[in-house]
J.: 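The structure under discussion is supplied below as structure tokens; questions concerning it will follow.
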Amino acid sequence: MSAPTSAPISAPTSTASPIAQASARLRSAWHAISPREQRLVSLAGGVLGIAAVVGLFDWSQAEHARLERSLPRAEAQLEQVQEAATEIARLRTVTPPARPTGPALLEAVQASAKARGLALVAQAGGEGIQIKGQADFDALMGWLATLQKDQGLRVRRMEIQPQGEQAGIDALLVGPDGA
């Protein structure tokens, strides 16, 4: 390396912006190095620039390939969401079937228990429908879930006692309005 051949480095003025100050320092440092060093620095900068362009190109190709692989999955998900949105819109326009009330509801509960083979007695009471009897626990829980889904009946109170292979039940079912 040779000694600097250009003007001495001067301190930038304090009124200039930081970018202008940095630019001035770089210009002074550039002029302070020999032409041979300037060519080497330029060549190194060119190599770094080419490496950056090649790296960016490689990254963009990898991203393109990744997106091509994930596009079919995203399109399938979009189709499912659109189908679900269509189904939701359709279901919002459908009025739910009228649920029976009073004696018709009691008959529906009794018929449902009989259809499932449950030996239960359903009686209308002041607070709701009283259920008593014996049944398989799993079948009983499935039946109560179906009543809730189909008739809107909820269990307000329930006592279950094991009786051999069966479960003894004493329950009170109420409608959505609580009675």
Side-chain angles (χ1 to χ4, degrees), residues 17-23 47-179:
S17 72
I19 294 175
Q21 290 175 356
S23 176
V47 168
L48 287 175
I50 290 170
V53 168
V54 167
L56 183 61
F57 180 75
D58 184 48
W59 172 81
S60 69
Q61 291 298 317
E63 276 300 297
H64 186 281
R66 182 187 67 81
L67 290 173
E68 279 186 343
R69 285 189 310 271
S70 65
L71 182 62
R73 187 175 352 115
E75 287 174 338
Q77 288 175 341
L78 173 63
E79 187 176 325
Q80 288 175 341
V81 168
Q82 288 173 336
E83 288 172 0
T86 303
E87 180 68 9
I88 288 170
R90 185 190 68 77
L91 290 174
R92 284 187 176 154
T93 62
V94 173
T95 57
R99 292 182 172 155
T101 57
L105 177 61
L106 181 60
E107 289 175 20
V109 169
Q110 290 170 339
S112 174
K114 186 176 180 182
R116 289 183 177 242
L118 301 174
L120 299 173
V121 176
Q123 298 175 340
E127 297 180 42
I129 298 177
Q130 184 74 34
I131 306 293
K132 292 185 179 187
Q134 294 181 359
D136 178 68
F137 182 78
D138 293 335
L140 176 66
M141 291 299 114
W143 177 68
L144 289 172
T146 301
L147 285 180
Q148 182 174 0
K149 183 181 85 169
D150 295 345
Q151 307 298 335
L153 294 174
R154 294 175 298 133
V155 175
R156 174 173 281 172
R157 176 189 54 79
M158 182 164 55
E159 292 180 34
I160 298 177
Q161 297 179 355
Q163 295 177 351
E165 295 288 320
Q166 302 282 310
I169 178 174
D170 182 5
L172 177 65
L173 306 179
V174 295
D177 58 356

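Predicted, not measured: the structure shown is a model, and the values here were computed from it.
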J.: Answer whether the closest heavy-atom distance between the side chains of R116 and T146 falls below 4.5 Å.
T.: yes
J.: With heavy-atom distances below 4.5 Å as the criterion, would you say the side chains of D138 and W143 are in contact?
T.: no
J.: Does L173 reach the side chain of L147, with side-chain heavy atoms less than 4.5 Å apart?
T.: yes
J.: Name the atoms and distances for all side-chain donor-acceptor pairs under 3.5 Å in residues 69-84, with sequence neighbours left out.
T.:
unit_1, atom_1, unit_2, atom_2, d
S70, OG, R66, O, 3.3
S70, OG, L67, O, 3.3

J.: With distance as the sole criterion, is a donor-acceptor pair present between the side chains of D170 and Q161 under 3.5 Å?
T.: no
J.: Could you measure the distance from the CD atom of Q163 to the CD atom of Q134? Nearest 0.5 Å is fine.
T.: 4.0 Å
J.: Apply side chain to side chain contact (heavy atoms under 4.5 Å, CB included) to residues E159 and K132 and explain how you reach the verdict.
T.: CA-CA 10 Å; E159 292 180 34; K132 292 185 179 187; over 6 Å; no
J.: Using atom types as modelled and distance alone, determine if a side-chain donor or acceptor of Q166 lies under 3.5 Å from a backbone N or O of D136.
T.: yes
J.: Would you give the length of the straight line joining atom CG of L153 to atom CG of L144, rounded to the nearest 0.5 angstrom?
T.: 9.5 Å
J.: Would you say E165 has more than 12 foreign heavy atoms packed within less than 6.0 Å of its CD?
T.: no
J.: Quick one: closest heavy-atom pair of M158 and A171, and the distance?
T.: CG-CB, 3.8 Å
J.: Kindly compute the distance separating CG (L172) from CD1 (I129), expressed to the nearest 0.5 Å.
T.: 9.0 Å
J.: Mind listing the closest non-hydrogen atom pair of V174 and G128 along with its distance?
T.: CG1-CA, 4.5 Å
J.: Please assess K114 against L120 for the test side chain to side chain contact (heavy atoms under 4.5 Å, CB included), listing each intermediate value before the final yes or no.
T.: CA-CA 8 Å; K114 186 176 180 182; L120 299 173; over 6 Å; no
J.: Looking at residues at least two apart in the chain, or sitting in another chain, which of them share a side-chain hydrogen bond (donor to acceptor under 3.5 Å, both in side chains) with E87?
T.: R90
J.: Would you indicate whether L56, at its atom CG, is surrounded by more than 12 heavy atoms from other residues, nucleotides or ligands within a distance under 6.0 Å?
T.: yes
